[in-house]
Amino acid sequence: MKYMPTYDLMESMRNTNQWLGATARALGDYPAMAMTNHPGMQMLKAWGEVTERSFERMVVKPDWGIPSITGPDGKDHIVKVETLVKRPFGDLIRFTTPGRKSPRRRVLLVAPMSGHYATLLRKTVISLLPDCDVHITDWHNARDIPVSKGKFDVEDYTKYVADFMRHLGPDLHVIAVCQPVPLTLAATAMLAEDDAAAQPRSLTLIGGPVDPDAAATDVTDFGSRVTMGQLEHSMIQRVGFKYRGVGRQVYPGLLQLASFIAMNASTHAQAFTDQIFRAAQGKASEHDKHNQFYDEYLAVMDMTAEFYLSTVERIFKTREIARNVFTVDGRQLDFGKITTVAVKIVEGEKDDISAPGQCLAALDLLTGLPDSKKAAHLEPGAGHYGIFAGSSWRNNIRPLVLGFIDANSDAPAKPQAAKPAAAAKPKKAAKPAPAKPAPKAKATTQPTPPQQAPKPAAPKPAAEVKAAPAPQAPKEAPKAVQATPEPKAQATSPAPQEAPKPAPSKPTLVASTPAPQAKTEQAGTPQPAAGSAKDETAKTDRPEQPAKPGTPDRAAND
C-alpha cells in the first residue's frame, strides 16, 4: 500500500464515480428524454445529482460561509477570517467582526484532526460568535504539504496547541472537541510546567478519548485488535503525483471516510436513498438538511502517517494519557501540575465514538486541581455529533459552557496574586521597627549619649525608682508632667540622670507613655517635631536628652 500508484488508483476511482454521476444527470436532463415521460429517467437524473455532488465534495475544502451576525448595537456585522499564526501543518485563525466591539470572552476552539477539516465545527463557531471572540485551529491537508516540511505526530500537535495558547495569552478559554481532547490536556500540562502564566482560564473537553478503556466502542476495539504492523501496511499510502505533497506518507481521508460510513452503513444508505427520491420529486434543494450535513461530512483530508500511527499506538494502545506517562521531546508531562485551570467535561449519552466515561477520566488525572474547579455534564440522548452541533448543543450544552466560562474568567489570577502579598507583609512590618530610633538621634542635640546611656542603665534604676518616683507620680499625673522624677534624680547626682532608664520595664505599663509627652510639652519647640507616639516611647529610654533643657523644669517643680 505504500506506493504512489495506490493513492492515484483510489483517486481515480473517486473521479470515475463523480464522472458517472455527472453523466447520469446530464443524460436524464437531455431534452429528448422528456418525450418518453418515464419516471425512470427522473430517477436516473436524481441519482446522478446526488452521486456527483457526493464524490465531488470529498476533495474540496468547504468554505466557512459564516453569515453576518447581529451585534449589541442591533446592527448586522459581517464576519471575516483572519490568520494570526501560520504554520506548515496548521494555522491559528480568528473570526473578526468589523465595527463591533470585541466580546470579553476569548475562546479557542481546538478542531479535530481525524479526517475532517476544521469547518466541521462551523455551526459551533456560528453559535459562539455573538457572545465570544472566537479563534480556531485550522489544520492543513497533508497531501498539500511538501515532504521538506518534515514530520508531524502527536507531540508536534501538542506543541502547536501550546504555542497557540501562548500566543493568545492567559485570558483565554479553550474548547477541545473529540480527538484533540487528550492532546489539549497535555498542552496545558506543558504550559503549567514551562510557562504557568500562559495557561488558559478554563478547559472544556467535549467527547474525547482520554481513557479509551473506560468504555469500549468499535473504535477502541479496532485499535486493540489490529497490530501496528497491520495498520502501517494496510492504511498508509504515499501521496500521488497530482498534489504538492507528492511522496509523503499519509493516512488517506477517503479511507477514514469509508471507516466512518461503515460504522453506520444502514443509516447513511437510507439517508442517500431518501435524498434521491426527494430529488426525483423536485423536493430537494441546494441547502437542505441533507446537503448541509453531507457537504461537511464527506469533505475529508489526509493525515500524516506518523500522526495517525502515533495516535493509535500512544493514545489507544499504550494509553499514555490515561496512565499519565505521556512524553514530549523525551520529557514526561504531569497532569497533576495543572492547579489553576478550571476543567469541564461534556459527554453524550449515545456517543458511539467516544462513549461516556472516556472523557470523564480526565478529572481523575487532575490530582492537583481542587474539586471546585472540576465539572462534568452528560447530555441525555445526544450522539457524538450532537454534543458540539445541533439542538443539544444550542439549547443545553452551549449555555452551560458559557456559564462555566464566566464563572472562571478570573480564577487563575486570584490565587497567584494573593500568595505573594501575604509573604510580603511581614517583611515590611519588621523593617520600620528598628529604623525609628535612628531619626530620634538626629533630632536631639546629643546623638551619641542617648545611644550609650541605655547600656549601663539596666542595673541602677531598679533601686532608685522605688524611692522617688512612686509617691510623685500620682500628684503630677493630672498635669501631664511626669518628668519630675527624672530631674530630681539628676539634681542630686549624675546617677539620677539614669533613673528614668527603668523605661525598659515600664513600656509595658500605660503610665510610662505620658512621661515623654510631658517632656515634649515642657522642653519647647524641638520635641513636637518628632510628633509620633512611637518616638515618644523611645525617648523614655534616653533620659539624657531632656537633661539639659529640663533644668528650668526642675526649678518650677521645686
Are side-chain heavy atoms of [X] and [Y] found at a separation under 4.5 Å?
{"X": "Asp171", "Y": "Arg201", "answer": "yes"}
{"X": "Val346", "Y": "Phe388", "answer": "no"}
{"X": "Ser354", "Y": "Thr217", "answer": "no"}
{"X": "Leu333", "Y": "Arg331", "answer": "yes"}
{"X": "Asp163", "Y": "Val85", "answer": "no"}
{"X": "Asn291", "Y": "Glu286", "answer": "no"}
{"X": "Leu400", "Y": "Lys344", "answer": "yes"}
{"X": "Val181", "Y": "Cys359", "answer": "yes"}

Between the side chains of [X] and [Y], does any donor sit under 3.5 Å from an acceptor?
{"X": "Tyr243", "Y": "Asn141", "answer": "no"}
{"X": "Glu296", "Y": "Thr119", "answer": "yes"}
{"X": "Thr327", "Y": "Arg314", "answer": "yes"}
{"X": "Asp91", "Y": "His140", "answer": "yes"}
{"X": "Gln237", "Y": "Asp302", "answer": "no"}

Q: Tell me, with the steps shown, if Asp406 and Arg104 meet salt bridge (Lys or Arg N to Asp or Glu O under 4.0 Å).
A: CA-CA 10 Å; Asp406 293 339; Arg104 61 182 180 85; 3.4 Å; yes

Taking all non-hydrogen atoms of both residues, which atom of [X] and which atom of [Y] are closest, and how far apart?
{"X": "Val161", "Y": "Ala187", "value": "CG1-CB, 3.9 Å"}
{"X": "Leu363", "Y": "Ala376", "value": "CD1-CB, 4.3 Å"}
{"X": "Ile397", "Y": "Gly386", "value": "CD1-O, 4.5 Å"}
{"X": "Ala271", "Y": "Arg278", "value": "O-NH2, 4.4 Å"}
{"X": "Pro146", "Y": "Arg244", "value": "CG-NH2, 3.7 Å"}
{"X": "Val60", "Y": "Ala299", "value": "O-CB, 3.6 Å"}

Q | Residue pair Thr273, Ile276: steps toward the side chain to side chain contact (heavy atoms under 4.5 Å, CB included) verdict | A | CA-CA 5 Å; Thr273 301; Ile276 291 174; 5.7 Å; no

Report the distance from atom [atom1] of [X] to atom [atom2] of [Y], rounding to the nearest 0.5 Å.
{"X": "Leu369", "Y": "Thr340", "atom1": "CG", "atom2": "OG1", "result": "8.0 Å"}
{"X": "Glu347", "Y": "Leu360", "atom1": "CD", "atom2": "CG", "result": "5.0 Å"}
{"X": "Lys151", "Y": "Glu306", "atom1": "NZ", "atom2": "CD", "result": "7.0 Å"}
{"X": "Thr204", "Y": "Leu402", "atom1": "OG1", "atom2": "CG", "result": "9.0 Å"}
{"X": "Arg94", "Y": "Ile136", "atom1": "CZ", "atom2": "CD1", "result": "14.5 Å"}
{"X": "Asp144", "Y": "Arg248", "atom1": "CG", "atom2": "CZ", "result": "10.5 Å"}

Is the side chain of [X] donor-acceptor paired with the backbone N or O of [Y] at a distance under 3.5 Å, no angle test?
{"X": "Lys374", "Y": "Leu366", "value": "yes"}
{"X": "Glu155", "Y": "Asp329", "value": "yes"}
{"X": "Thr318", "Y": "Glu313", "value": "yes"}
{"X": "Gln199", "Y": "Ala196", "value": "yes"}
{"X": "Arg122", "Y": "Trp64", "value": "yes"}
{"X": "Arg394", "Y": "Ser127", "value": "no"}
{"X": "Asp288", "Y": "Ala284", "value": "no"}
{"X": "Gln358", "Y": "Ala214", "value": "no"}
{"X": "Asp295", "Y": "Gln292", "value": "no"}
{"X": "Trp139", "Y": "Ala111", "value": "yes"}

Q | From Gln249, Arg143, Glu11, residue fulfilling side-chain contact (heavy atoms from CB on, under 4.5 Å) relative to Val239 | A | Arg143

Q | N-O pairing of Lys61 and Asp138 below 4.0 Å | A | yes

Q) Are any of the side-chain nitrogens in Lys283 or Asp274 under 4.0 Å away from the carboxylate oxygens of its partner? A) no

Q) Counting only heavy atoms not in Lys149, do more than 12 fall under 6.0 Å of its NZ? A) no

Q | CZ/Phe277: more than 12 non-hydrogen atoms of other groups inside 6.0 Å | A | no

Are [X] and [Y], when compared by the centres of their aromatic rings, separated by less than 6.0 Å?
{"X": "His268", "Y": "Tyr294", "value": "yes"}
{"X": "Phe307", "Y": "Phe89", "value": "no"}
{"X": "Phe164", "Y": "His135", "value": "no"}
{"X": "Tyr160", "Y": "Phe152", "value": "yes"}

Q: Describe, in one word, how the ring planes of Tyr297 and His116 are oriented to each other, choosing from parallel (under 30°), tilted (30 to 60°) and perpendicular (over 60°).
A: tilted

Q: Please lay out, stage by stage, how Ile321 and Phe335 fare under the test side chain to side chain contact (heavy atoms under 4.5 Å, CB included).
A: CA-CA 9 Å; Ile321 297 292; Phe335 298 115; 3.9 Å; yes

Q. Step by step, would you call Met228 with Val312 a side chain to side chain contact (heavy atoms under 4.5 Å, CB included)?
A. CA-CA 8 Å; Met228 295 305 300; Val312 174; 4.0 Å; yes

Q.
Please determine whether side chain to side chain contact (heavy atoms under 4.5 Å, CB included) holds for the pair Arg14 and Gln18, giving the CA-CA distance in whole Å, both sets of side-chain angles, and the decisive distance to 0.1 Å.
A. CA-CA 6 Å; Arg14 186 202 64 78; Gln18 181 182 348; 2.9 Å; yes

